[in-house]
Each structure stands twice: as C-alpha cells, then as structure tokens.
Amino acid sequence: MKQLINELIERYRDNLFAAAFNVCKNAADADDIVQETFMQYYLAKKEFDSEQHIRAWLIRVAINKAKNVNRSFWRQHKVPLEEYMETLTFETQKDSELFEAVMNLPVKYRIVIHLYYYEDYSVREIAGLLKLTESNVKARLSRGRGMLRQTLKEEWNADE
C-alpha cells in the first residue's frame, strides 16, 4: 500500500513536526526533518500494510532523523529554547508553563509523553515505534509524569 505523498503531507505534517520538535527542540531543524521524512517515504521502495503502518513508519523516521540532528556538529549552533519560547503564544500562563516543563524533560521521557498524549498512541504502539518493552514505556510515562507533576506543582504553588 503506497499512498499519494500529497495526502500524507496534509495529514501528517503537523504530527511529524511536533514529534521532531520534541526531540531536537528547534523549529528550523524540525521543518527540515519533516521534509526529509517525506522525501524518504517518496523514494522508498517499501510496501506498507495499512495507514497505521505508514503513520508509524513516518513518525519513527522523523524521530530517528531528529536524534541524528542532535548528534550533529551543527547542533552546537542551535537557538536556545528560551529564545524560541519568546516567539510562541499561549492562551494562558499555565499552558506556557506546561509546554516549558514538557520541553525541559529528558528526551526519553519527552518522546513517550508526546506520543501518548498528543499523538494518541497506546503503550503497545509506542513500544513498537521506539523498540522498547511495554513495561519500559510505562515506566518512562510514569517517571515523566512524576517529573512534570513535581515541576508544575513547584511553579504553581509559587504563583499562589
């Protein structure tokens, strides 16, 4: 099953951008990763079983490309998260604090939090995407939630 690239771009561009951004924390790099991911799909001589298989493959490729960007020499010239945060707008201060708290999580927790809450993947699907055991995904989700809870509790209690 090979779908038209235009349909896939419309359907998954934002999802791939979010997944890539969660790993590399840089909007320009995330844009490049999305483009490279769709190019790889277009050039791949791979048959896919279903729509879910295509989506999972695209997200896996985007995450791997984002990890590669993090390891690159050019990564040293990135824009700090704080500078990028200044360009974003949020409806409430708590939304901004939540975003910042998620982005400050270690990558291994940030990825599973993103896939679970924003991409609506199940624990089993995340385990398959990241090549982890389900218990490892559950542990990362639990630890990530704990870190978020602690960070946000401190910030929000300080506001009161």
Side-chain angles (χ1 to χ4, degrees), residues 1-90 95 98-141 143-145 147-148:
M1 169 182 192
K2 193 88 165 171
Q3 288 200 348
L4 293 174
I5 192 75
N6 292 342
E7 293 175 8
L8 292 176
I9 290 171
E10 278 299 311
R11 197 172 300 137
Y12 298 121
R13 177 183 46 226
D14 294 338
N15 301 81
L16 295 180
F17 179 86
F21 184 78
N22 270 297
V23 175
C24 66
K25 294 185 178 180
N26 183 296
D29 288 339
D31 278 334
D32 291 344
I33 289 163
V34 170
Q35 289 179 14
E36 290 172 17
T37 300
F38 285 121
M39 285 297 297
Q40 188 169 336
Y41 173 83
Y42 182 74
L43 298 172
K45 294 180 177 16
K46 180 175 176 56
E47 285 297 318
F48 296 92
D49 300 332
S50 65
E51 176 82 20
Q52 290 81 12
H53 186 205
I54 293 170
R55 180 177 184 236
W57 185 88
L58 289 169
I59 287 179
R60 178 77 247 157
V61 168
I63 288 171
N64 285 338
K65 286 183 178 298
K67 286 180 180 179
N68 290 342
V69 165
N70 280 345
R71 291 186 213 114
S72 73
F73 168 78
W74 299 107
R75 192 63 179 161
Q76 297 173 6
H77 303 293
K78 68 180 181 183
V79 175
L81 178 61
E82 293 75 26
E83 286 181 32
Y84 181 70
M85 287 283 297
E86 292 171 8
T87 67
L88 298 175
T89 57
F90 297 96
D95 290 343
L98 176 60
F99 176 79
E100 187 172 356
V102 170
M103 294 310 294
N104 285 325
L105 288 174
V107 173
K108 67 182 186 179
Y109 303 123
R110 190 170 58 241
I111 290 172
V112 295
I113 294 280
H114 173 77
L115 291 174
Y116 188 80
Y117 288 104
Y118 295 101
E119 299 297 331
D120 292 324
Y121 274 105
S122 69
V123 169
R124 174 174 288 164
E125 291 169 325
I126 295 170
L129 277 172
L130 301 180
K131 300 196 184 336
L132 300 170
T133 63
E134 289 183 39
S135 60
N136 193 306
V137 172
K138 289 178 184 176
R140 288 182 183 191
L141 278 170
R143 289 181 188 135
R145 287 182 199 122
M147 290 175 182
L148 285 173

Could you go step by step and tell me if V23 and I111 meet the side chain to side chain contact (heavy atoms under 4.5 Å, CB included) rule?
CA-CA 7 Å; V23 175; I111 290 172; 3.6 Å; yes
Working note: R11 + L58, criterion side chain to side chain contact (heavy atoms under 4.5 Å, CB included); need CA distance, chi angles, decisive distance, verdict.
CA-CA 11 Å; R11 197 172 300 137; L58 289 169; over 6 Å; no
Non-neighbouring partners of N68 that pass side chain to side chain donor-acceptor pair (under 3.5 Å), sequence neighbours left out
R71
Considering residues at least two apart in sequence or located in another chain, which fulfil the side chain to side chain contact (heavy atoms under 4.5 Å, CB included) criterion with [X]?
X	value
N136	L132, T133, R140
E119	N15, A18, R55, I59, H114, L115, Y121
E36	D32, K65
R145	I113, Y116, Y117, L141, R149

Here the salt bridge (Lys or Arg N to Asp or Glu O under 4.0 Å) pairs for residues 122-138, sequence neighbours left out, are R124-E134
Check step by step if side chain to side chain contact (heavy atoms under 4.5 Å, CB included) holds for N22 and M103.
CA-CA 7 Å; N22 270 297; M103 294 310 294; 3.6 Å; yes
Quick one: list whatever passes salt bridge (charged side-chain N to carboxylate O under 4.0 Å, His left out) with R60, sequence neighbours left out.
none
For I63 against A19, the heavy-atom pair lying closest together
CG1-CB, 4.4 Å
Angle between ring planes, F99 versus F21, binned at 30° and 60°: parallel, tilted or perpendicular?
parallel
Before giving the answer on side chain to side chain contact (heavy atoms under 4.5 Å, CB included), spell out for L16 and I33 the whole-Å C-alpha distance, their side-chain angles and the decisive distance to 0.1 Å.
CA-CA 8 Å; L16 295 180; I33 289 163; over 6 Å; no
